[in-house]
Amino acid sequence: MRAALAIAVLLAACSGEPDPATTPARDPDASAEGQAGPIISIRSDPETSAVPAWRAPDVPVDAGNLAQRKQEAAAALEADELFGEADDAIPLYLALREHAPADADVATGLERALGAVLQHGDAALAAIDDDRAALRRAQEIAAVAREVAPEREAVVEYLARVERADAAQQANRSGERALNARKIVVAGGKGAVAHFREALRLRPGDARAMQGLAAAESALIRQAELAANQDDYAAAEDWLAKAAKVRPDMDTAADARERIARQRASRVGNLRDLGLAALTREDLDAARRHLATLLRIAPAGDPAAVELRRQIELASHYGLFRPGQAFTEALDRGGRGPEMVVIPHGAFRMGAADDEADARDSERPSRNIRFDRGLAVSRNEITVGEFRRFVTATGYEARATRRGHSTVYDERSGSLVRRSGVDWRSDYAGKPAGDQLPVVHVSAQDAAAYAEWLSEQTGHEYRLPSEAEFEYMLRAGSQSRFPWGDGAPPAGAGNFTGALDESPGGRHWRNAFKGYGDDAWGPARVGSYSANAYRLHDLAGNVSEWVADCWHDSYRRAPVDGQAWINPGCADKVVRGGSWASSPEQTRSAWRLGSDRDTTNARVGFRVVRQI
């Protein structure tokens with residue numbers, strides 16, 4: 001059709017704009033949003049230039065050429081050559097109508113030409129989605145129809161359709177500009193989404209508007225992804241919520257939400273793994289940094305966050321260990337060290353209460369002690385067999401061995417007496433001791449030497465407990481007079497002086513727990529009686545134990561952190577815990593005794609602790 005060709009040529013000549021397919025528009029503010037280039041290319045539409053009013057070319061008609069002009073008009077109409085040139089149908093019929101207004105053939109031909117041109121206009125409107133010049137053609141045809149029959153109902157309706165289509169394209173261009181300016185959803189209906197929806201209201205199904213909404217949705221999703229990449233999942237969810245409203249009938253935003261949720265879950269799991277890996281290196285600071293990030297991005301109550309927080313809490317108090325854990329460590333020269341148990345961190349009140357019966361001034365003033373770190377404690381008192389391994393490996397000579405005597409229980413007199421030839425290899429009566437008995441006849445220095453050897457053999461710090469540590473593990477959460485309460489011990493609680501106990505020679509204790517018996521006279525095999533709440537045996541009985549502290553007459557000016565109170569070169573050390581021969585008064589949780597560090601006898605042994 002020559003009319004269509006003419007319009008296309010005219011549009012190409014008048015546009016003066018580059019092809020957007022090769023020269024995309026640029027948003028000067030795009031870099032401020034951290035995104036290079038426009039979100040969507042704004043089409044260089046031909047309709048951006050105003051369509052001038054159409055005026056029919058001057059076609060001369062007179063009586064002499066009337067019949068010829070009618071034939072020319074009919075032929076042009078038949079050939080669908082409607083208005084582009086002077087010899088097309090509509091210019092000819094308009095000239096004929098001017099010359100012969102009553103001519104029925106002319107009226108009929110012009111009506112047919114008008115109907116044909118309106119059909120072309122509707123075809124152009126229908127092609128807007130695929131043809132950038134279609135709207136301009138429709139507008140050109142509107143100008144022709146307005147000139148031919150402005151009041152005709154069909155023309156009025158067509159003009160309205162063209163106006164709506166033009167308004168829709170204007171809305172699309174506004175939406176594209178807003179989109180490139182990152183004004184996607186703006187209050188007051190000025191954002192890109194509002195413009196594209198307006199275009200769809202004016203022209204349902206408009207492909208450009210639907211493309212614009214898809215681009216707006218994509219831009220919002222991209223913002224969500226960028227936020228997620230920065231671990232800002234709250235912002236990501238806000239962006240996704242906005243995206244979900246753009247095209248609610250589509251699954252795009254829901255798919256993006258699932259994708260970001262998977263990314264978030266992966267990130268959370270990775271942070272947990274990084275935190276746990278840091279804990280294996282004992283790098284608490286790194287683990288806490290990973291936890292802080294995890295808590296910021298994980299949903300409330302997320303199992304990964306709960307797990308890492310718990311592991312950090314445990315590591316801060318127990319290192320690589322766990323409360324209640326039992327373990328032994330390999331010795332450098334073969335064999336294994338004593339069985340250790342990790343006791344929990346916590347706090348207690350150390351010393352005797354003001355109203356405690358039989359308490360002494362040396363056990364006061366009572367004070368609060370807190371241990372922020374757990375501690376590994378030998379489950380049992382160090383045995384003869386364990387001490388033998390130390391002596392055999394090192395050639396160490398214990399104090400009683402060097403001086404040739406120690407203090408033992410004498411059955412005939414019922415008292416403790418000095419006897420030659422007794423050392424750590426002897427039992428309470430001076431006879432050879434079994435390997436599972438607690439070692440006795442050892443001095444405080446002998447006990448410390450054994451702990452130092454364990455440290456050398458294992459590469460970890462072993463030592464004697466501080467006095468505060470001993471009372472903490474002895475009480476095991478109690479604050480009563482005795483570890484088990486205030487009366488006689490329950491059956492099987494330990495090796496104490498019980499009124500029912502009887503020596504091999506038939507002796508009985510004069511000062512003992514009434515109604516109690518433990519079937520032992522002298523130290524029993526370690527672990528023979530019930531463990532306390534910390535899974536430790538024999539702290540209150542069996543044998544008393546050396547601790548690391550020097551003796552002081554009271555707790556005034558004592559360390560408040562539970563560390564051993566040591567004066568360099570002190571001669572007297574502290575003994576804690578009751579023994580098989582201790583009176584009930586000496587079995588109290590707060591009881592303490594000062595003794596020369598070189599003392600050895602049948603009542604005192606020791607246990608060790610390990611730093612964790």
Can you give each donor-acceptor pair under 3.5 Å made by side-chain atoms of residues 298-311, sequence neighbours left out, with the distance rounded to 0.1 Å?
{"residue": "D302", "atom": "OD2", "partner": "A304", "partner atom": "N", "Å": "2.9"}
{"residue": "Q311", "atom": "OE1", "partner": "R322", "partner atom": "NH2", "Å": "2.5"}

Check: residues 276-288 side-chain donor-acceptor pairs under 3.5 Å, at least two apart:
{"residue": "T280", "atom": "OG1", "partner": "A277", "partner atom": "O", "Å": "2.5"}
{"residue": "D283", "atom": "OD1", "partner": "A286", "partner atom": "N", "Å": "3.2"}

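Distance check, rounded to the nearest 0.5 Å: CD of E471 to CG of L539 gives 11.5 Å.
Residues F496 and S582 have side chains not in contact (no heavy-atom distance under 4.5 Å, counting atoms from C-beta outward). Side-chain atoms of R588 and F482, non-hydrogen and from C-beta on, do get closer than 4.5 Å to each other.
A donor-acceptor contact shorter than 3.5 Å is absent between the side chain of N567 and the backbone of C570. Side-chain atoms of S480 do not come within 3.5 Å of backbone N or O of D486 as any donor-acceptor pair. The backbone N or O of S589 sits nowhere less than 3.5 Å from a side-chain atom of R481 that would complete a donor-acceptor pair. Between the N532 side chain and the L536 main chain, a donor and an acceptor come within less than 3.5 Å of each other. Looking only at distances, a side-chain donor or acceptor of D549 sits under 3.5 Å from a matching main-chain atom of W565.
Using a 30° and 60° split on the angle between ring planes, W580 and Y428 fall in the perpendicular class, above 60°.
Not counting sequence neighbours, the partners of R259 by the salt bridge (charged side-chain N to carboxylate O under 4.0 Å, His left out) test are E225.
Between W521 and D519, the side chains place no donor N or O within less than 3.5 Å of an acceptor N or O (distance only, hydrogens not considered). Side-chain N/O atoms of D446 and Y396 include a donor and acceptor closer than 3.5 Å.
Considering E545, E469, E339 in turn, E545 is the only one that fulfils the salt bridge (charged side-chain N to carboxylate O under 4.0 Å, His left out) rule with R607.
Ring centroid separation for the pair W484 and F513 comes in under the 6.0 Å cut-off. For an aromatic pair to be called close, the ring centres must be under 6.0 Å apart, and Y472 with Y534 satisfies this.
For R373 and Y318, the positive end is not near the middle of the six-membered ring at less than 6.0 Å and at most 45° from its axis. Relative to the six-membered ring of W424, R399 misses at least one condition, a distance below 6.0 Å or an angle of at most 45° to the axis.
The heavy-atom pair separating S362 from R592 by the smallest distance is O-NH1, 2.7 Å. Minimum heavy-atom separation, S443 to R597: CB-O, 3.2 Å.
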